[in-house]
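In this chain, residues are counted from 1 in sequence order. Both ligands and their constituent atoms are indexed starting at 1 by order of listing.
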Amino acid sequence: MTRGPRLPHLTAALVALGVVSTLAVGAPATAHPGHEHSPAQGPVVASPEDYTPGLGVVAETTYTVDLDDRTINVDLVVRLTNQIRDRVRDGYVEQQYFHTFTVPVLAGAEQVRASRDGGGALRVQVRPGDSDFYGLAEISLSPHLYHGRPQTVRLSYQIPPQPPRSGTLTQVNEAFATFPVFVSGDPGQASVTVRLPAHLEVDVVGDDMGSTTADGMAVYTATDIADPAEWFASVVARDDDALIDQTVTFGEHLVRLQAWPGDDEWLEFTADLAERGLPVLEDAIGVAWAEPRELTIVETSAPYVYGYGGWYEHSRSLIEIGDLLDAHVTLHEMAHAWFNAELFQGRWVNEAMAEVFAAHTMDELGLDAPAPDPVDPEAPGALPLNSWANVDLENPETEEQEAYGYNTSWWVMDTIVDEVGVAGVSQVVQAAAERRSAYPAATTDSTWDQVADWRVLLDHLQDTAGSARAEELFRALVATDEQAADMDARAEARATYTELADAADGWALPEAVRAPMTRWEFDQASETFPELTELVRTRASVVDQLTAARIPVPDALQERFEGAGDLADLRAGLRAADDASRSMAAVTARRDGADPFTALGGLLGGVDLHTTTTTDALAEGRFGSAAASAARAEAAMDRATLVGAGAVALVVVLLGGVVWFVLLRRRRRAVTAP
Ligand SMILES: [Zn+2]
């Protein structure tokens, strides 16, 4: 959703007023020169209980919607009673009377007519009201309203189609009608009826109205309204079949536009933003729509009734947007096709993302992008953004909270965009879309099955986008007090985590700590730190020994380390790997410095064989076997000098035998020679 035109505030100005005057009957002016009454005492100040003391008003208002005729007809029937008794004072009869009766009428009212039952037409004048959604019809009472002579007065008018974007809350065309419903009358003496063709889709927002259907008409009523000045509803009626359709494509996706008949300007404006804006949005966000989709964008000022510019309904892939041609609002709603409850949990996050990507798209399209207002944490309606929940129209603070929530969300993300760029935020969005943990490892799957919330967002803003400001912004404007305490625990855990991760020298820490860090379970994460400190040391030792042994550090070891959910199991594996690598380092060192006898002994004693077996076992992650064969290699190395010397001795003996044999043969030959 986006913020839209503000809902009007109703005040006592909206109720019917009578103007009272006083007439002194039969008073000789000379006898009582000081008793001249002023011709009128002026309008009586309205109070919540009774707006014109002394004037009884029983009122029945009927609104009838006729889309075919494109009119809203309003009829008001009021029974007026002058409750001020005539008084006899100093021999005079003093009569107070009402000469006008004023009621609010919808802005755009035409053919305003007033009449008196049993009489003729009454003069009626419409003047502007305090806000541009209503005017005031002042009916001249004829005859004046005296005590004991009640009158029934009728007022009727029509609302014709208003030009789109005329700024009123009243609109009617072949496909759509919306209007505010208000009532006149004394407390408990006002009723209202709204009649619409039954096939229309109708939404009544605001105070309750009962509904029935009769003669093909849907009838909404409220009777005996206790506080007419406070009573207010808005009616939205629509016949979407009467909307004008246009389809544009976005890659393989279809965007269906549905406009009010005659509002070509809206259609052209929205089609252009769909065609040019959606590709820019997709590019900037960096996440493609997975499935071919059909997005529908409907022109309706229904959101205005709730104080919004537009809204997006993900389950129906539907945007409803008002007639005001506001590119930021339109692109914001389009951005919600990405930023919805499937991508981020938390209202403010999706709103903030929609705002910044809509503004960025405007920049890219060469439009003048708006910027958020500076944030005032003391503003009325201020609340931690994580507490900014879905709208509660019953809550009197809603309007201020909505204003604060939208602007502050946007401001927070806009500030981060200033720091890390749209591309940086886009990386975070992609990480969220892929459900990646902010604590990943190269050798294992680092996704988790959870829609990113503010915590994952913060993790990725810091670790993926490299934002230095996110933490401070989240503390100041996003987190509740309780969540701020979580952030303290997080900061502490991350300090140790970072030290350990640095010591792991390019390897990720084991799953056993990354998982609770991802889930913000910092107590659980912290419990692993002492053990991890040892394991990281052992890891370094293994790597050092293997390097000394000139054995490549096996991927399997990194995999075992990073993927370890059970640290006891990892400890056993690492110790075995440590034993193996230590033995192999010793073997290598001794071979490097070995005399020829030892080298020969090593060869003959199976050191090479055991070394190969060890290396293979390490590569395959069989660290126990590696340790065993490394021990055999080392033992073979221990025996190598003896074996080598023995072998040489044996060779010498054998060689001696051969020499002796050859000599013997020669001698024999010599003996037998002729
Ligand atoms: Zn929104």
Distance-only, no hydrogens or angles: does the [X] side chain make a donor-acceptor pair with backbone N or O of [Y] under 3.5 Å?
{"X": "Q401", "Y": "L383", "answer": "no"}
{"X": "H336", "Y": "I319", "answer": "no"}
{"X": "E299", "Y": "W260", "answer": "yes"}

Which N, O or S atom of H336 lies nearest to the Zn ion (ligand 1), by name: NE2

N, O or S atom within E351 nearest to the Zn ion (ligand 1), by name: OE1

N, O or S from E355 under 2.8 Å to the Zn ion (ligand 1): no

Worked check of salt bridge (charged side-chain N to carboxylate O under 4.0 Å, His left out) between R435 and D445: CA-CA 11 Å; R435 310 226 169 140; D445 177 24; over 6 Å; no

